[in-house]
Structure formats: C-alpha cells, structure tokens
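Below: one structure, written as structure tokens.
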Amino acid sequence: MASVPLPVQNLVLGGDPLSLDRIRGILVRLEDTIIFSLIERAQFAHNPKAYRRGEFQELKDIGFDGSWLEWFLKETETFHAKARRYTSPEEYPFTDPAALPPPILKPFPHPTILYPNKVNVNPSILSFYVQSIVPRITRPATLALSAAKRASGISGDAEFEDDGNYGSAAFVDLEVLQAISKRVHYGKFVSESKFRDDPAAFIPHIQSRNRDALAALITKPAVELKLLQRLRKKANLYALNFSPDGEPLNDSATRKIDVDGVVELYEHYIIPLTKEVEVDYLLVRLDGLSKEEVDTLASSKPKTQ
C-alpha cells in the first residue's frame, strides 16, 4: 500500500516544522491559493467605496467609523479569534488583537517554533492591497461595468468602478489578504530554520544591526528566479478558460486574471516584504538571551538540512 504524505501545514503531523523542504511546500501551495483568490476578486469591479472610511451610513449607525472592508475583517476575525486561529504561530489578524475576544477553546499545544517577537506587517499588506492590488486586478471588470452602464444611459463618473457587490468582494478580499499575510509571515520560519542551522553566521550581523548582511544570508537569487518562473506558468494556466469539451481557450481577451500583475505582485511586493519580515525577526532573535547563551550559539558548528 502506497504511503500517504502527511499534511505539511499540520504542525502536529507535518514532521519538523522548520524543515526547509516543508516550508517550501507550504509556500508553493500558498501560490495557488493567492492566484485563485485574485482570480475570484477580479470578477468584481473596483468598488472603492468599500475601502473608504465613513462611506456606509449603516456602519455609522452601529458605531463603526472604519471602512466596509475593515468592518468585514473585524467581524470575521472576531469569530476566528474565538476559534483560536490566532494562537497558531503563522496566523496574524488584520484587526487590532486587543479588540478581538479570547478563544473559546482551550489553548492548543502547539510546539514552540518561533522565538518571541512582535513582527507584524499586516497594516502594510492591507494598505498596499487596497491602494495597488485591487485597482489593477479589477480593471477588466471595472471597464466592462462602465460599458454596461453607458449602454443603459449612465455616463460620466457614475459609470465607473462600483457594481454594488460589497459583500461578495469583501469575502474574497479577506481570502486574498489572509493568504498574502500567511505567505509573508512564513518568512519567520525561514529565518528561524536558517538561524538554527548556523547561528554563528548570523550573530555578528544581528549584534551590529547589519540588515544588508542578514538579507544576504537568507537570499538566494536563483531560487527567487525559479519561483517567479513557476508562478508565471501557474498564473498562465489558471487564467485560461476552457471550452465545453475541455479544450483551453488560449486567448488573452478571455483570460481571468492579469498574469503580469500576479508576477509583479510577487516580484515587487511579496518577496521584498517577506525579506523585511525575515530580517526584522532575526534582529530580535537574541533579545533576552544572556551573554553565555549567545556565546554558546556563536560557537556552535553549522548543521546540514
């Protein structure tokens, strides 16, 4: 009987949580999640009203002054917090944790994996998503909406951007944001794995606060190039529509997503931001350790993975 591979995201059953092979497997699967979620969001128009604070009187009436998306995030993450989602070391809410309720379930015995830290770049992810990602990936749907409105006699500013699908769009926004957040914050696992493999290589640069040297230790340009090549192939495939008999319709006009936009998102934002997280995490990796503990780590020999 063939063996069944263990689920790599399960911290209990997935083997060594700091295995680089395991981490790569999770990051590759997150590529699929991000691409498919972007494809789903691209079905709806931009709907900028949903991202501006104070636009919905219905939210003001219940005492919420944020945007529709911020309210949607808070309501959803409130439930997720009760289900102890954010006790997992790779999960981070976009809502202020202080505004979320404690878990209803008892604490789960997650193994200690990461060094204590407060690195959280979700505010940056949310801002970039709203300001840059949404307008680009929704452009075809927004243009189609404007054409339909003109055909109905609506012209000018009223013809653009808003199709009223605030709930459906926010539901997908949530999926995209959570997937990008998880992908970016998984950089901590990469840093911890590489630090444990050879702490002596990192310690001098941590002590001197040398961000460039730390980034060089965790950066592999050849791996990044392969990632972008793989991502483009995936996006090209997933963007295709198919005929009723299963034949791919390889027509750029019918594609479900801007492939260049997906690749550029990774190349110019997700990968650089992940590196920032990796370096920020390393910079606090020695906090709270005694000189003796640091010296012991500095004298340890490199391991092999």
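All values derive from a computational prediction rather than experimental measurement.
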Check: Y238 ring centroid to F36 ring centroid under 6.0 Å: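 Centroid distance Y238-F36: below 6.0 Å, so yes.
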Donor-acceptor contact present, side-chain R232 to main-chain V263, <3.5 Å: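 Answer holds: no.
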Donor-acceptor contact present, side-chain H185 to main-chain V121, <3.5 Å: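 Present.
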Rounded distance [0.5 Å steps], NZ in K256 versus CD1 in I35: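 It comes to 11.5 Å.
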Does some side-chain heavy atom of [Y] sit less than 4.5 Å from a side-chain heavy atom of [X]?
X: P103; Y: K82; value: no
X: P101; Y: T78; value: yes
X: F242; Y: E247; value: no
X: F94; Y: K74; value: no

Pairs flagged by ring pair (Phe, Tyr, Trp, His ring centres under 6.0 Å) wherever residues 39-61 is involved - sequence neighbours left out: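 For residues 39-61: F56-W68, F56-Y166.
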Would you give me the side-chain donor-acceptor pairs under 3.5 Å for residues 220-227, sequence neighbours excluded?
{"residue": "E224", "atom": "OE2", "partner": "K275", "partner atom": "NZ", "Å": "2.9"}

Note: R136-E264 ion pair, threshold 4.0 Å (strictly below):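 Counted as a salt bridge, because a side-chain N and a carboxylate O are separated by less than 4.0 Å.
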Carboxylate-amine/guanidinium contact D65 R53, below 4.0 Å: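 No, D65 and R53 are not salt-bridged.
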Flag for H80-T76: side-chain donor and acceptor within less than 3.5 Å: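 No, no side-chain donor-acceptor contact under 3.5 Å.
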Within one Ile-Leu-Val-Met-Phe-Trp-Tyr cluster: F202 and L18, side-chain cutoff 4.5 Å: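 Yes.
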Salt bridge (charged side-chain N to carboxylate O under 4.0 Å, His left out) partners of residues 169-179, not counting sequence neighbours, each pair once: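 Qualifying pairs, neighbours excluded: R41-D173.
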